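In what follows, a structure is listed as structure tokens, so that the remarks can point back to it.
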Amino acid sequence: MTGRFIAVEGADGTGKSTQARLLAERLGAVLTREPGGTPLGEMIRSMVLDPDGERPVDRAEALLIAAARAQHVAEVVRPALDSGRDVVTDRFIESSVAYQGHGRGLGAAEVAEVSAFATDGLVADLVVVIDVDDDAARDRLGGVLDRIEQAGDGFRGRVIEAYREMAGSDPDRLVVVDGNGSVEEVADRVAAVVVDRLAGT
Ligand code: TYD
């Protein structure tokens with residue numbers, strides 16, 4: 001039996017990385033992240049997110065992230081699923097559609113196609129989108145911002161809107177979870193949604 005593949009998604013500052021970790025702990029799942037998840041992927045992550053490095057042009061950014069994704073799926077995600085383990089990933093294809101497709105304006109369909117090539121067609125069984133009030137997200141951002149986090153409020157707005165739109169058009173696979181409240185409250189909501197949606201799979 002293959003494992004279940006869950007992506008935790010959301011704009012920067014939504015607390016999604018914490019929620020991905022807690023969900024993986026609850027399910028006893030493999031926890032991984034993008035861009036990254038493999039040594040090559042983590043190198044690509046630094047290339048893409050380091051604010052001091054050469055700035056990749058938008059298409060290069062999309063392709064670098066897709067290359068990291070190809071490696072991640074082939075080396076980590078598919079082997080784990082094939083061995084029957086559940087996998088929780090902190091970001092996956094929907095991040096590319098939101099950030100590169102809508103945020104950078106490269107086009108949702110084009111970016112989705114690049115990702116489909118990278119993953120050889122693998123998509124998450126369930127995508128949990130953490131959604132918080134914009135002010136809360138901006139407050140949580142703080143600290144040193146990576147290159148994409150520095151893109152500004154207009155970009156952020158397009159990303160947030162893109163997630164809502166994707167969830168609206170694919171409600172069987174994407175579910176929005178209210179990320180306002182304490183870490184424990186949100187974790188309980190996420191767990192409830194996952195149990196509900198993936199019961200019997
Ligand atoms: P993030 O996952 O938020 O990590 P941290 O919690 O350490 O900040 O940061 C990853 C950044 O990469 C985030 O700004 C979104 C961006 N990103 C894309 O633009 N496209 C993608 O496909 C992925 C996976 C991430």
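The structure presented is a predicted model; accordingly, all values stated were derived computationally and were not measured. We count residues from 1, following the sequence as given. Counting starts at 1 for both ligands and their atoms, following the listed order.
Residue Glu34 touches ligand 1 through backbone and side chain together, judged by heavy-atom distances below 4.0 Å. Contacts between Pro35 and ligand 1 below 4.0 angstrom, taking non-hydrogen atoms only, involve backbone and side chain alike. Counting heavy atoms closer than 4.0 Å to ligand 1, residue Ser17 contributes side-chain atoms (C-beta onward) but none from N, CA, C or O.
Between the Glu185 side chain and the Ser182 main chain, a donor and an acceptor come within less than 3.5 Å of each other.
Side-chain contact, Ser115 with Arg69: a donor N or O sits under 3.5 Å from an acceptor N or O.
The shell of residues lying under 4.0 angstrom from ligand 1, judged by heavy atoms, excludes Glu61.
Distance check, rounded to the nearest 0.5 Å: OH of Tyr163 to CZ of Arg158 gives 14.0 Å. With values rounded to the nearest 0.5 angstrom, Arg78 atom CZ is found 9.5 Å from Phe5 atom CZ. With rounding to the nearest 0.5 Å, the separation of CG in Asp125 from CZ in Arg197 is 12.5 Å.
For atom 21 (C) of ligand 1, the closest heavy atom belonging to the protein is Ser95 CB, 3.5 Å. Here the protein heavy atom with the shortest distance to atom 16 (C) of ligand 1 is Ile148 CD1, 3.8 Å.
Taking a cut-off of under 4.0 Å to the non-hydrogen atoms of Leu49, the atoms of ligand 1 that pass are 10 (C), 11 (C), 12 (O). Interface atoms of ligand 1 facing Lys16, defined by a heavy-atom separation under 4.0 Å, are 1 (P), 2 (O), 3 (O). With ligand atoms numbered from 1 in the order given, ligand 1 contributes 22 (O), 24 (C) to contacts under 4.0 Å with heavy atoms of Arg69.
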